[in-house]
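One structure below.
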Amino acid sequence: LSLAYYLLAFFGLYWIELTILAIILFISSAMRGSFPVLLLTLCYYFICSGLPVVRQAASQNIISGSGTLLDNLLKGLTVLFPDFSTLDFKSLAVTADIIPPWPHLVLPFALLSLYIIITLWAACLIYKHRDL
């Protein structure tokens, strides 16, 4: 068990939590009430976790020749619902595999950081126009 694997898993989970917190801030800026914000955040997390599974199942149907519109729609939904499994490195902490090369590590962190920044910017725009 290596320290590098644990740090990689830690930072991956930390970035996932930062994304969820940014979405909580965005949803709470758009609507009032803690329970609806909780429900929408849970729905958002479940969609982000389930979308890769649906995309994989749809890609198997596309190989058989049907559903290119569905494939494009699912790829487009990734813009709104990022794939959290790209930063889930928990399985590396218990394996003897080598750490993936740095371009495969930097790109998911950079994309999710950009997503967090855009989400927080949108939340600030909503707060700016909202009467508190």
Side-chain angles (χ1 to χ4, degrees):
L1 298 177
S2 172
L3 179 64
Y5 292 128
Y6 283 112
L7 289 177
L8 187 61
F10 171 77
F11 283 116
L13 293 176
Y14 187 71
W15 249 254
I16 292 170
E17 292 300 320
L18 284 177
T19 305
I20 293 172
L21 287 174
I23 290 299
I24 289 171
L25 184 62
F26 177 74
I27 294 172
S28 67
S29 69
M31 64 185 339
R32 293 189 172 119
S34 58
F35 189 68
V37 170
L38 172 70
L39 286 179
L40 286 175
T41 305
L42 280 174
C43 291
Y44 176 82
Y45 177 75
F46 290 143
I47 291 171
C48 288
S49 299
L51 190 60
V53 176
V54 173
R55 197 170 46 238
Q56 180 68 24
S59 69
Q60 291 175 356
N61 288 339
I62 290 168
I63 292 171
S64 66
S66 63
T68 58
L69 179 65
L70 180 64
D71 184 45
N72 291 335
L73 177 68
L74 291 175
K75 285 180 184 176
L77 283 175
T78 307
V79 172
L80 295 176
F81 304 102
D83 186 6
F84 289 151
S85 65
T86 58
L87 290 177
D88 190 11
F89 299 112
K90 292 182 292 195
S91 61
L92 283 178
V94 293
T95 63
D97 295 340
I98 60 170
I99 293 179
W102 70 271
H104 293 283
L105 297 178
V106 172
L107 185 64
F109 281 106
L111 287 175
L112 211 54
S113 297
L114 183 63
Y115 186 82
I116 291 168
I117 290 169
I118 291 171
T119 304
L120 290 177
W121 176 73
C124 288
L125 284 178
I126 292 173
Y127 270 127
K128 181 180 174 183
H129 295 292
R130 185 173 151 185
D131 58 338
L132 298 175

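FYI, the numbering just counts along the sequence from 1. FYI, side chains are in, hydrogens and waters are out, and symmetry mates aren't considered; it's all heavy atoms of this structure.
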What pair of heavy atoms forms the shortest contact from [X] to [Y], and how long is it?
X      : Y      : answer
Pro82  : Thr19  : CG-CG2, 4.5 Å
Tyr127 : Ser29  : CE1-CB, 3.4 Å
Ala22  : Thr119 : O-CG2, 3.5 Å
Tyr45  : Phe84  : CD1-CE1, 3.8 Å
Ser49  : Pro52  : O-CD, 3.6 Å
Val37  : Ser28  : CG2-CA, 3.8 Å

Say you draw a straight line from [atom1] of [X] to [atom2] of [Y]; how long is it, rounded to the nearest 0.5 Å?
X     : Y     : atom1 : atom2 : answer
Phe11 : Leu18 : CZ    : CG    : 11.0 Å
Trp15 : Thr86 : CH2   : OG1   : 13.0 Å
Phe35 : Leu40 : CZ    : CG    : 10.5 Å
Phe26 : Thr41 : CZ    : OG1   : 11.0 Å
Ile23 : Cys43 : CD1   : SG    : 13.0 Å
Ile16 : Asp88 : CD1   : CG    : 5.5 Å

Looking at residues at least two apart in the chain, or sitting in another chain, which of them share a ring-ring contact (aromatic ring centres under 6.0 Å, His included) with Phe46?
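Not a single residue meets the ring-ring contact (aromatic ring centres under 6.0 Å, His included) criterion with Phe46.
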Answer yes or no: is there a side-chain heavy-atom contact under 4.5 Å between Leu74 and Thr78?
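They are not in side-chain contact.
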How about Leu13 and Leu87: do any of their side-chain heavy atoms sit closer than 4.5 Å?
no
Would [X] end up clustered with [Y] when hydrophobic side chains under 4.5 Å apart are linked, directly or stepwise?
X      : Y      : result
Leu111 : Leu120 : no
Ile47  : Met31  : yes
Leu25  : Leu42  : yes

For residues 101-125, which residue pairs pass the salt bridge (Lys or Arg N to Asp or Glu O under 4.0 Å) check, not counting sequence neighbours?
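Every candidate salt bridge (Lys or Arg N to Asp or Glu O under 4.0 Å) pair involving residues 101-125 fails, so no pair, neighbours aside, qualifies.
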Whether Tyr14 and Phe10 hold their rings parallel, tilted or perpendicular, with breakpoints at 30° and 60°
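Correct class here is parallel.
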Please step through side chain to side chain contact (heavy atoms under 4.5 Å, CB included) for the pair Ile24 and Leu21, ending with a clear verdict.
CA-CA 5 Å; Ile24 289 171; Leu21 287 174; 4.3 Å; yes
Step through the shown structure and confirm whether more than 12 heavy atoms of other residues, nucleotides or ligands are within 6.0 Å of CZ on Phe81.
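More than 12 heavy atoms, drawn from other residues, nucleotides or ligands, come within 6.0 Å of this atom.
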Does the Tyr115 side chain pair with the main chain of Leu80, one donor and one acceptor, at a distance under 3.5 Å?
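Yes.
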